[in-house]
2 protein chains.
Amino acid sequence: MSRPTSKAKPVESAATRAAAVTPAPEGLSIAGVARQAGVSVATVSRVLNAHENVRPATRDKVLAAIDASGYRVNELARNLRTAESRLLLTMVPDFGNPFYAEIVRGIDSIARQHGYFMLLCDTGADPGRERSYFDLLRRRRADGAICLDPATIQQALGEASSALPWVACCEFDPAMGVPYVGIDNYRAAGDAVRHLLARGHRRIGLINSDVDYLYARQRQQGYLDALTEAGIEPLDGWRMNLNSLDYEAGASAAVSLMLPRQGRGQGQTEPPSAIFAVSDTLATGVLHGLRSIGKRVPQDVAVVGFDDISIAAQVDPPLTTIAQPMRELGETAARLLLQRLANPLANVPGVLLPHRLVIRGST
Amino acid sequence: MSRPTSKAKPVESAATRAAAVTPAPEGLSIAGVARQAGVSVATVSRVLNAHENVRPATRDKVLAAIDASGYRVNELARNLRTAESRLLLTMVPDFGNPFYAEIVRGIDSIARQHGYFMLLCDTGADPGRERSYFDLLRRRRADGAICLDPATIQQALGEASSALPWVACCEFDPAMGVPYVGIDNYRAAGDAVRHLLARGHRRIGLINSDVDYLYARQRQQGYLDALTEAGIEPLDGWRMNLNSLDYEAGASAAVSLMLPRQGRGQGQTEPPSAIFAVSDTLATGVLHGLRSIGKRVPQDVAVVGFDDISIAAQVDPPLTTIAQPMRELGETAARLLLQRLANPLANVPGVLLPHRLVIRGST
DNA sequence: CTGAAAGCGCTAACAC
DNA sequence: GTGTTAGCGCTTTCAG
């Protein structure tokens, strides 16, 4: 930026003020402020919480005492008293994955708008961790939770956790009785495949994640049905299931998918002329893998991804993909949770958000 | 969908157990457990906190009462009593950026190892938000903070926040009296440039972030000095400063850097034959931008990035870059903070971690 | 080894 | 409008 304009503030003023103004904010309580202001703790509390029934003059006295002393409310005490932590737990399987990052951002923005902060937990692949996170709710460490992790949701199913205040995001089971937000994975996968069919492809590969997850099964079914409806018999050799969404996993999957292999009975099976990968991270890896074995995209093999994370438009060629409204998914999840917290009895609905096919150079 | 195989667990068992075992865990306190176990609250507390001085028989009685009732400790109360939140605040400028994601992961792992959870805050570009986050410390909402945001650190300078328990990560000012961890940005940038020089480049461009930030100034200086030492006069037209690290920012910067432009006095300046971008996200965008104007990498223009995020190895061509030990940066930051919390008086040092030049196809 | 009791700092009735 | 007071649920002396 080179412009020396902007951030040049007079630093001394702040430093001086700090020295003069903050005698010992540590260990200062509402009682201390009350004494200094010559009022009761109740009045200080009222001012702190912006209650109406305080005479302006009194309020000013209190306010003066507060910023003369540098007092800050102790939220530990407030939280105990009000029996809420004002924290929302967000469980993600991997916050290195840009897909989750964007959703988390949506959650964060809504949460903050409502005076909540976000406790972010990476569940990783560790099953022990996963299980224990729901306990944070029972221990009152968080008021509610949003779960983005398929594995954790599987876990939750087996426990009596449906009574706990949480919502599922992206991976969900409508039958579970837990509020959720996501997209129609079946239709989305079908859309991807139909796009490839329209481009003239007949041998379409699928690089999917673990079919233990509902979303993976739904996308697989969408893929299978779209092919069948087009009069194509889907071969098993076209499909791969991975337990990772990393770039590398996509790259090596692509390579092995292109390897000539034995078909059932009738000799060699031709490798797919197109690959549908269920995440853009995988698809990005697929591009890399195909390049490494000299396949050109889209001339030799077309590629469709899923999610539309920001890298999708940057790779070469840019990825055709199914866009998920990531930000809105996060925001909606947060709203559903807040709604559930505000009214524990209300029937919070499951909601499906629209997806969209984004066509770029990879097909 | 389809396969009913895998995770078909006997769901009833869990459901039944829940119904039988959990009468009303809500509103159950340590006093209730004490009553059920026929002991005092003090004893229950001792068991809860694994104190040694409890007779085994008593302990067992208490344990039995605890899991008969489904009791969970109320951490709100515990936190007030012990005057700690067991939360570590992590401030990032943008958790959509994979660089920060990996660091955050390092922080999280160390924090959890020590019984802390992580309050993650995206400071975004909002100056109002930035300022208020340090207040979370004063309000006892977090026990300590790790700041990854250059802008927030600038901000902190102006306040009396150096007494607060926080550490700086990646962006830091050794003169600030705040513990920090980072790398030697000056040397790292020099290494990148010297690599390019060794490849025979004489016109080397720099795509930098805002020079308001110390790390940006250090990298710029490293770049300038490396050129000068090689007997090259760095032209102003080779440098750009951006206020974003997004892919798109890198792409458009690359395009405009390649534009023929007026040199100082002597007519046309030739565009750089190599570009050093101060983050891999920018560099990835640079690749995209160069491609869009028909430049080949590395034949027409070489590119060096910074960070070595995982996408760097996947793009085409794979990025030569300066690797930062992201995970270790996060872990170290967390350790320094924990150290500072354990012993507020101790002099916590600043630490520099080694960087490394990773050579790939883009040069 | 166990129990009684004193708060942590705050909010919210309930009086005045 | 303002003050008094009773806890929120826990940990931790201090006695016994």
Side-chain angles (χ1 to χ4, degrees), chain A residues 24-63 65-66 69-86 115 135-143, chain B residues 24-63 65-66 69-86 115 135-143:
Chain A
E26 305 302 329
L28 181 58
S29 75
I30 206 175
V33 175
R35 204 175 317 116
Q36 284 189 40
V39 300
S40 75
V41 293
T43 298
V44 177
S45 175
R46 286 184 191 108
V47 178
L48 249 22
N49 295 285
H51 288 191
E52 287 310 310
N53 43 346
V54 178
R55 191 150 38 98
T58 315
R59 171 185 312 281
D60 290 347
K61 258 194 313 188
V62 173
L63 257 18
I66 285 176
S69 62
Y71 167 80
R72 292 292 190 291
V73 64
N74 181 334
E75 304 208 20
L76 260 27
R78 172 181 286 173
N79 289 342
L80 170 59
R81 184 53 231 232
T82 60
E84 55 179 17
S85 65
R86 308 286 315 173
D135 239 43
L136 294 178
L137 258 25
R138 299 197 189 89
R139 296 192 313 221
R140 324 299 313 240
R141 197 153 247 290
D143 293 340
Chain B
E26 304 302 328
L28 180 59
S29 75
I30 206 175
V33 175
R35 204 175 315 116
Q36 283 189 40
V39 299
S40 75
V41 294
T43 299
V44 177
S45 176
R46 286 184 191 108
V47 175
L48 249 22
N49 295 286
H51 288 191
E52 287 311 309
N53 44 345
V54 178
R55 190 149 39 97
T58 316
R59 172 186 310 281
D60 290 347
K61 259 194 313 188
V62 173
L63 256 19
I66 285 176
S69 62
Y71 168 81
R72 292 293 190 292
V73 62
N74 181 334
E75 305 209 19
L76 260 27
R78 171 180 287 176
N79 289 343
L80 171 58
R81 184 52 231 232
T82 60
E84 55 179 16
S85 65
R86 308 289 312 175
D135 240 43
L136 294 178
L137 258 26
R138 300 197 187 89
R139 296 190 312 216
R140 323 300 314 241
R141 195 151 249 289
D143 294 340

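In the text below, chain A, chain B and the rest are named by the order of the sequence lines, each starting its count at 1.
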Practice task
Kindly say if B/S45 contacts the phosphate of D/dT11, meaning a side-chain N or O under 4.0 Å from OP1 or OP2.
Solution key: yes

Completion exercise
Atom CG of A/L28 and atom P of C/dC10 are separated, to the nearest Å, by 8 Å

Practice task
Spell out, as yes or no, whether a donor-acceptor pair under 3.5 Å connects the side chain of B/T82 to the backbone of B/R78.
Solution key: yes

Practice task
Report yes if a side-chain nitrogen or oxygen of B/T43 is closer than 4.0 Å to either non-bridging phosphate oxygen (OP1 or OP2) of C/dT2; otherwise report no.
Solution key: no

Completion exercise
Here the distance between atom P of C/dG9 and atom CD of B/E84, to the nearest Å, is 14 Å

Practice task
Check whether any side-chain N or O of A/S40 sits under 4.0 Å from OP1 or OP2 of D/dT2, and answer yes or no.
Solution key: no

Fill in the blank from the handout: Test side-chain contact (heavy atoms from CB on, under 4.5 Å), reference B/V47, set B/V33, B/D60, B/L63, output is B/L63

Problem - 5' precedence on DNA chain C between A/L48 and B/V41 (nearest-nucleotide basis) - result: B/V41

Exercise for the section: Return yes if the base of C/dG9 and the side-chain atoms of B/R140 contain a donor-acceptor N/O pair under 3.5 Å, otherwise no. Expected result: no

Handout entry: Length of the line joining B/R35:CZ and D/dG9:P, which is rounded to integer Å
Key = 12 Å

Exercise for the section: Check whether any side-chain nitrogen or oxygen of B/N49 sits under 4.0 Å from OP1 or OP2 of D/dT11, and answer yes or no. Expected result: yes

Exercise for the section: Figure out the NZ/C1' separation between B/K61 and C/dT2, and round it to whole Å. Expected result: 10 Å

Exercise for the section: Starting at atom CZ of B/R46, determine the distance to atom P of D/dT12, rounded to an integer number of angstrom. Expected result: 11 Å

Exercise for the section: For B/A83, answer base if it contacts any base atom (sugar-phosphate contacts may also be present), sugar-phosphate if it contacts only those atoms, and nothing otherwise; contact means non-hydrogen atoms under 4.0 Å. Expected result: nothing

Exercise for the section: Go through the N and O atoms of the side chain of B/R81 and the base of C/dG9, and report whether any donor-acceptor pair is under 3.5 Å. Expected result: no

Practice task
Look at the side-chain N and O atoms of B/R55 and state whether any lies under 4.0 Å from the OP1 or OP2 oxygen of C/dT2.
Solution key: yes

Problem - Length of the line joining A/L76:CG and D/dC8:P, which is rounded to integer Å - result: 18 Å

Practice task
Determine yes or no for a side-chain-to-main-chain donor-acceptor pair under 3.5 angstrom, with A/N74 supplying the side chain and A/L76 the backbone.
Solution key: yes

Problem - d(CD, B/E75; C1', D/dC10) in whole Å - result: 11 Å

Handout entry: Integer-rounded Å distance: C/dT2 C1' and B/D60 CG
Key = 16 Å

Problem - Criterion salt bridge (charged side-chain N to carboxylate O under 4.0 Å, His left out) against A/E75, the qualifying member of B/R140, B/R138, B/R139 - result: B/R139

Completion exercise
Closest to the 5' end of DNA chain C, once B/T58 and B/L80 are matched to their nearest nucleotides, is B/T58

Practice task
Please confirm whether the backbone N or O of B/E84 pairs with a side-chain atom of B/R86, one donor and one acceptor, at under 3.5 Å?
Solution key: no

Handout entry: Residues A/T58, A/T43; criterion side-chain contact (heavy atoms from CB on, under 4.5 Å); working and verdict
Key = CA-CA 8 Å; A/T58 315; A/T43 298; 3.8 Å; yes

Fill in the blank from the handout: Among D/dG9, C/dC10, C/dT2, the one nearest any side-chain atom of B/N74 is D/dG9

Practice task
Could you please name the option among C/dA4, C/dC10, D/dT2 that lies closest to any side-chain atom of A/S29?
Solution key: C/dC10

Handout entry: Which nucleotide in D/dC10, C/dA12, C/dC1 has an atom nearest any side-chain atom of A/H51
Key = C/dA12

